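To keep things clear, I will list the structure first and then write my remarks on it.
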Amino acid sequence: MAKLIYAGIMSLDGYTADANGKFDWSMPDEEVHSFVNDLERPVGTYLYGRRMYEVMSAWEDMSLSDEPPVVQDYAEIWRAADKIVYSSSLAGPSTARTRIEREFDAGAIRALKEASERDMSIGGTVLAAQAIKAGLVDEFGLFLTPVVVGGGKQFLPDGVRMTLKLLDERRFDNGVVYLRYAKGA
């Protein structure tokens, strides 16, 4: 059975984007990016909300000739995975290995987890909030960035309480700290 993992880069005060929708402060350096690549290798399917998919779809046909090896590596990892996009407004996918689902269905995601041999990752705070509230997320990966943005798009939803167990932690030279938690104690 696959795990559903929600991971992301966030400010110290818990935001993935600031009040203006900007996330330029969260760009990983080579050390963090390499670590992210290693975490993403076991992922077979990405679940995205529309906005996150639109951001991530740039990896589909990005010119990589002038990019460092760590960026080229990530592009290969991303392109090799399946993508499921939850959107009522997208006409169709703009990337390979992608299908559109019109609405969030917790039962279908549970069935997909049971049938999948490789882990799944969920991206986009709105979609992740639905999965968290439905009890579908098995692990949380937080890349805490040493910046306070004062407001914006929260990494975790309001109104949810759960106990987590620390599985892993790592400090990076740029001040980022990675924390990995499993649901349940």
Side-chain angles (χ1 to χ4, degrees), residues 1-10 16-17 23 26 28 32-60 62 70 73-90 92-144 153-157 160 162-170 178-185:
M1 179 174 189
K3 293 180 293 198
L4 181 58
I5 301 163
Y6 178 41
I9 298 173
M10 62 185 271
T16 61
F23 51 90
S26 69
V32 173
H33 207 309
S34 180
F35 185 79
V36 168
N37 290 0
D38 289 341
L39 292 177
E40 296 292 315
R41 283 183 215 293
V43 172
T45 305
Y46 293 111
L47 308 180
Y48 290 132
R50 181 190 53 82
R51 284 184 223 107
M52 179 60 81
Y53 174 66
E54 288 172 342
V55 169
M56 297 303 292
S57 66
W59 289 99
E60 180 74 10
M62 176 187 297
V70 70
D73 185 31
Y74 183 80
E76 290 176 20
I77 293 165
W78 190 86
R79 292 172 184 170
D82 294 328
K83 294 105 183 146
I84 302 172
V85 181
Y86 295 84
S87 172
S88 60
S89 61
L90 282 178
S94 61
T95 58
R97 302 181 64 118
T98 304
R99 78 174 195 253
I100 307 293
E101 292 291 337
R102 295 297 170 202
E103 54 188 49
F104 178 83
D105 180 345
I109 295 173
R110 271 190 201 90
L112 185 60
K113 283 173 54 175
E114 289 175 13
S116 295
E117 294 179 14
R118 296 181 68 197
D119 288 340
M120 299 164 40
S121 173
I122 191 162
T125 58
V126 174
L127 181 64
Q130 292 178 65
I132 292 166
K133 289 176 180 179
L136 295 170
V137 175
D138 302 297
E139 289 187 7
F140 297 82
L142 293 77
F143 287 87
L144 295 175
K153 190 175 281 195
Q154 290 180 202
F155 180 77
L156 293 169
V160 175
M162 66 178 69
T163 301
L164 303 173
K165 178 182 178 186
L166 182 64
L167 300 176
D168 192 15
E169 61 184 280
R170 178 167 173 183
Y178 170 71
L179 301 169
R180 180 173 148 237
Y181 292 96
K183 184 173 66 172

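Keep in mind that what you see is a predicted model, and the values were worked out from it rather than measured.
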Determine whether [X] and [Y] make a side-chain contact, defined as any pair of heavy atoms from C-beta on separated by less than 4.5 Å.
X	Y	result
T45	S121	no
L112	M120	yes
L156	V160	no
I9	T16	no

Between Y6 and F155, is the gap from one ring center to the other below 6.0 Å?
yes
Please state whether the rings of F35 and F143 are parallel, tilted or perpendicular, taking 30° and 60° as the class boundaries.
perpendicular
How are the rings of Y48 and Y53 set to each other: parallel, tilted or perpendicular (split at 30° and 60°)?
tilted
Would you confirm whether T95, through its side chain, and T98, through its main-chain N or O, come within 3.5 Å as a donor-acceptor pair?
no
Side-chain donor or acceptor of R99 paired with backbone N/O of V85 under 3.5 Å:
no
Using a cut-off of 6.0 Å, state whether more than 12 heavy atoms not belonging to E101 lie near its atom CD.
yes
How many angstroms lie between [atom1] in [X] and [atom2] in [Y], if you round to the nearest 0.5 Å?
X	Y	atom1	atom2	value
Y178	E169	OH	CD	11.0 Å
M162	I132	CE	CD1	6.0 Å
R180	L166	CZ	CG	9.5 Å
D73	W78	CG	CH2	15.0 Å

Could you check R110 against E114 for salt bridge (Lys or Arg N to Asp or Glu O under 4.0 Å), going step by step and ending with a plain yes or no?
CA-CA 6 Å; R110 271 190 201 90; E114 289 175 13; over 6 Å; no
State, to 0.1 Å, how close L39 and P42 come at their nearest heavy-atom pair, and which atoms those are.
O-CD, 3.2 Å
Check the pair D138, K113 against salt bridge (Lys or Arg N to Asp or Glu O under 4.0 Å), reporting the backbone distance first and the verdict last.
CA-CA 10 Å; D138 302 297; K113 283 173 54 175; 2.8 Å; yes
Before you tell me yes or no, could you show the steps for R41 and D119 under salt bridge (Lys or Arg N to Asp or Glu O under 4.0 Å), namely the whole-Å CA-CA distance, both residues' side-chain angles and the distance that decides it to 0.1 Å?
CA-CA 9 Å; R41 283 183 215 293; D119 288 340; over 6 Å; no
Y86-Q130 side chain donor-acceptor pair, cut-off 3.5 Å:
no
